[in-house]
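Structure first, commentary second.
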Amino acid sequence: MALYSDKVMDHFRNPRNVGVIEDADGVGEVGNAKCGDIMKMYLKIDNDIITDVKFETFGCGSAIASSSMATELIKGKPVSEAMALTNKAVAEALDGLPDYKMHCSVLAEEAIRNALEDYERKKGAEGSPQVNEDHG
Ligand code: FES
């Protein structure tokens, strides 16, 4: 049996949504201390829907395939759904990863969560302080 599924190889060779979003609403970056691989996610969010997502991954083939698949899974989805994305779901969508490569898919889950947290932080900052003009 091949070590990697066709889907892993496809997303590794032709990764979807590679790049940078300059005016991203949320950016998340994570690294794995053991292997030194780094993943960065950029999100564009409109009305709590992820309208665009791009990634940069400096890492192994499984990390590239995981980030590519993860972007496909959350594009067009509400923030709440993206927040609930697990590395297992990413690995399943890739038709599996070898056990010792599962940690690579964790990077994708964490990078997306970090980017969403960044978005929430920015949104919160924009919303406050609350000024009520009516009583001015
Ligand atoms: Fe580092 Fe895959 S070996 S993310």
Side-chain angles (χ1 to χ4, degrees):
M1 201 188 92
L3 191 53
Y4 293 110
S5 72
D6 290 346
K7 274 198 191 162
V8 172
M9 292 313 292
D10 177 31
H11 279 263
F12 167 56
R13 291 200 176 110
N14 308 296
R16 316 330 186 235
N17 306 310
V18 177
V20 175
I21 300 177
E22 294 294 348
D23 58 342
D25 297 308
V27 180
E29 185 173 345
V30 289
N32 181 304
K34 273 196 195 149
C35 63
D37 291 351
I38 298 168
M39 192 182 290
K40 199 164 179 181
M41 285 277 170
Y42 302 84
L43 302 176
K44 201 78 195 141
I45 298 170
D46 191 19
N47 259 328
D48 267 8
I49 300 288
I50 297 169
T51 53
D52 199 11
V53 46
K54 294 224 182 299
F55 78 90
E56 294 176 304
T57 293
F58 180 77
C60 73
S62 298
I64 292 169
S66 294
S67 25
S68 170
M69 178 55 88
T71 58
E72 294 262 275
L73 290 174
I74 64 166
K75 207 171 187 176
K77 298 277 165 54
V79 166
S80 56
E81 219 171 290
M83 205 61 157
L85 182 75
T86 62
N87 76 299
K88 270 194 170 169
V90 174
E92 269 166 29
L94 287 168
D95 290 339
L97 282 170
D99 278 352
Y100 65 95
K101 282 286 176 184
M102 279 304 280
H103 75 271
C104 315
S105 60
V106 173
L107 276 187
E109 175 190 322
E110 289 180 346
I112 287 173
R113 194 153 305 147
N114 277 8
L116 289 169
E117 282 168 4
D118 182 46
Y119 161 70
E120 298 287 353
R121 249 194 320 271
K122 283 180 179 151
K123 205 171 73 167
E126 255 174 39
S128 62
Q130 293 223 327
V131 181
N132 191 334
E133 305 278 341
D134 290 347
H135 298 287

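Atoms within a ligand are numbered from 1 in the order they appear, just like the ligands themselves. The first residue in the sequence is number 1, and the count goes up from there. These numbers were taken from a predicted model, which means no experiment stands behind them.
Numbered from 1 in the order shown, with element, the atoms of ligand 1 that lie under 4.0 Å from a heavy atom of C60 read 2 (Fe), 3 (S), 4 (S). Listed by number with element, the atoms of ligand 1 under 4.0 Å from a non-hydrogen atom of A63 are 4 (S). Within ligand 1, counting atoms from 1 as listed, the ones closer than 4.0 Å to a heavy atom of L107 are 4 (S). Each of the following atoms of ligand 1 lies closer than 4.0 Å to a heavy atom of C35: 1 (Fe), 3 (S), 4 (S).
Contact detail for L107 and N32: the closest heavy-atom pair is CD2-N, 3.9 Å. The shortest non-hydrogen separation linking N87 to E109 is N-OE1, 2.6 Å. Minimum interatomic distance between M69 and A93 (heavy atoms only, all atoms of both residues): CE-O, 3.2 Å.
At a heavy-atom cutoff of 4.0 Å, ligand 1 is contacted by both the backbone and the side chain of C104. Proximity of K101 to ligand 1, defined as any heavy-atom pair under 4.0 Å, is confined to the side chain (atoms from C-beta onward).
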Practice item. Take K77 and D48 through the salt bridge (Lys or Arg N to Asp or Glu O under 4.0 Å) test and state the conclusion after the steps. Key: CA-CA 9 Å; K77 298 277 165 54; D48 267 8; over 6 Å; no

Check your understanding: Under the salt bridge (Lys or Arg N to Asp or Glu O under 4.0 Å) criterion, do R16 and D10 qualify, and how do the steps go?
Key -> CA-CA 10 Å; R16 316 330 186 235; D10 177 31; 2.8 Å; yes

Practice item. For the pair S62 and Y4, evaluate side-chain contact (heavy atoms from CB on, under 4.5 Å) and give the outcome as yes or no after the intermediate values. Key: CA-CA 9 Å; S62 298; Y4 293 110; 3.5 Å; yes

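Not a single heavy atom of N32 lies less than 4.0 angstrom from ligand 1. Within the structure, ligand 1 lacks K34 among the residues with a heavy atom less than 4.0 angstrom away.
The atom name of the N/O/S atom in D37 closest to atom 1 (Fe) of ligand 1 is OD2.
With hydrogens and angles ignored, the 3.5 Å screen pairs a side-chain donor or acceptor of K44 with a backbone N or O of D23.
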